[in-house]
Each structure stands twice: as structure tokens, then as C-alpha cells.
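Reading through the C-alpha cells given below for one structure.
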Amino acid sequence: MSALPAQPPLLRVCGLHVRIEGSHILQGVDLTVPASGVTALLGRNGVGKTTTVKAILGLVPRTGEIRLDGRDITASPTHEIIRSGIGYVPEDRGVFKALTVAENLRLAHRRGVEPRYGFVHELFPELKQRATQAAGTLSGGQQQMLATGRALLNDNRLLVVDEPTQGLAPRVVTEVAEAMARAAQEVPVLLVEQNLALVRRVAHRAVVVDAGRVVHTGPAADLLDDPGRTRELLGVAKGPAQRFAAPATQREDR
């Protein structure tokens, strides 16, 4: 996928530090997300990708500066950050399993914003068909659709998606990729993902994190077309799925 033209960033993160339980997880992360397209946040397991996302959303204590469309949101609580126009799809999907699909979506309604049910049901027809079904009885792929649809229900300025294909069958991964590409036509996306085939398909830019720091930023295609550089930065495992290898001594992202 070719790179998008240069444009002022929608999200700017400068000098982001996170310390949790005595561990210095993020050590001065700097990154930007343009006002269109998909920016992929890449890196081996345990290097700080999920922590970066949580820090942007105010879910973990952090220092540094975070600006959304020029506005400093560093000191804002999470609920205000979300209301400012960031949709979040967490790594664990975060659906309310005892509630129905329709009830899960209804909980995402933002005051003063017309919910975009037409757009969500166009992307994920199953959510309309299964409106009365308990979310806990959905498959993993269907729960991912629900989590993503919930974030797209509001007219957000940025969509943050953490590991949407984790644990999904290849057929469902393809469906998620198609939905992500379609969503990116409406709203810019910051995507944490380890499936390089999906990244190649949907991402315009790539930001690589290693040991709590950004070590590479540039067009996604340029990185993925350089096997040596990809192996150096990501330690890509062999096999058709092309997922990142994690050193055995590293823990998972926090």
C-alpha cells in the first residue's frame, strides 16, 4: 500500500514515560498519527505497545505530552479523552457477556451524538442479525466485530484498535481486515497488530517500538518490503501467518 501524502498529525505523543510497579515500561515514546489512514504500531511481545495505547487513553499513570488535534489531553481523565473523539477497541475486546449485542451497542451511545447504526450494520451485518443474542455466546470473531462496531458507533476522530486478530481463524482475520480498511476510509486508525499480512494490506505508516522506545517510523510498505530490516526490528517468525517472535525471556505487553 502506498504512503499517504504528508499532513498535520491528528495525534502527537512526545516523551511518553510509564512506570508500573517499579518497572520503567515506556522510556520516552515519540509518535504521530496522521489525520487519515492506518498507522500500525508494531513490535515484539513485551516491548510496550499495549502500554503505549493505554497511556494515550489515560489508563495507566504516565508523563510526557499527548495532543489530539493540537489540544493537550495529557492531564485529562479517560472518560474525557474518549468523549473528545477517540474510539477504543481493547485487546481483550471488553464486551459485556451477560448483555445482548444490542445492549452492548446501546451502552456505547455518546450524549449528543447520533449513533451510526447504518454504518456499523453495513460493516458487520451479523450484529444486526444477532441483536438479541447474549454477547457471551458469540464466537471470538463475532465478539471482535461487536467490540469494533461499538467503537465505530460514534463519529470518532480517531480509532485505537489493539490486536484485533489475536486468536481468530484465518477466514475471520480476512473479515476483520476488510472491516478495518473500510473503517479507515471514515476515521484514522492507530492499529496494534502482529499479523504482518494484515498490516501490509491496511497500513500506510508503521511505528516500531522496542524496549519502551520508538526505533523506527516510516511507510509500512518500505519496512515490510525489506526482509532484513523486518527481521531485525520484529524478529518475524517463519510461517504463512507472519507473526512476530517474542524472546523467551520477555513478558507479554502490560
(Q) Working note: S84 + E80, criterion side-chain hydrogen bond (donor to acceptor under 3.5 Å, both in side chains); need CA distance, chi angles, decisive distance, verdict. (A) CA-CA 6 Å; S84 70; E80 288 186 6; over 6 Å; no
Q: Kindly indicate, with the supporting measurements, whether the criterion side-chain contact (heavy atoms from CB on, under 4.5 Å) is fulfilled by V47 and V208.
A: CA-CA 10 Å; V47 298; V208 181; over 6 Å; no
Q: Evaluate side-chain contact (heavy atoms from CB on, under 4.5 Å) for L191 paired with L198, printing each intermediate quantity in order.
A: CA-CA 10 Å; L191 172 68; L198 184 146; 3.6 Å; yes
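Contacts of R83 classified as side-chain contact (heavy atoms from CB on, under 4.5 Å), with partners at least two apart in sequence or in another chain: H79. Remark: T74 pairs with D72 by the side chain to side chain donor-acceptor pair (under 3.5 Å) rule, at least two apart or across chains. Judged as a side chain to side chain donor-acceptor pair (under 3.5 Å), and not counting sequence neighbours, the contacts of E103 are T100.
To the nearest 0.5 Å, the span separating CG on L127 from OH on Y117 amounts to 10.5 Å. Note that CG of L158 and OG1 of T39 are 8.5 Å apart. Values are rounded to the nearest 0.5 Å. Taken to the nearest 0.5 Å, the CZ atom of R200 stands 14.0 Å off from the CD atom of E193.
Looking only at atom types and distance, the side chain of E178 has no donor-acceptor partner in the side chain of T174 under 3.5 Å away.
Two residues are said to be in side-chain contact when any heavy atoms from C-beta on lie closer than 4.5 Å; L196 and L234 meet this criterion. Taking 4.5 Å as the limit, every side-chain heavy atom of R130 sits out of range of all side-chain heavy atoms of F124.
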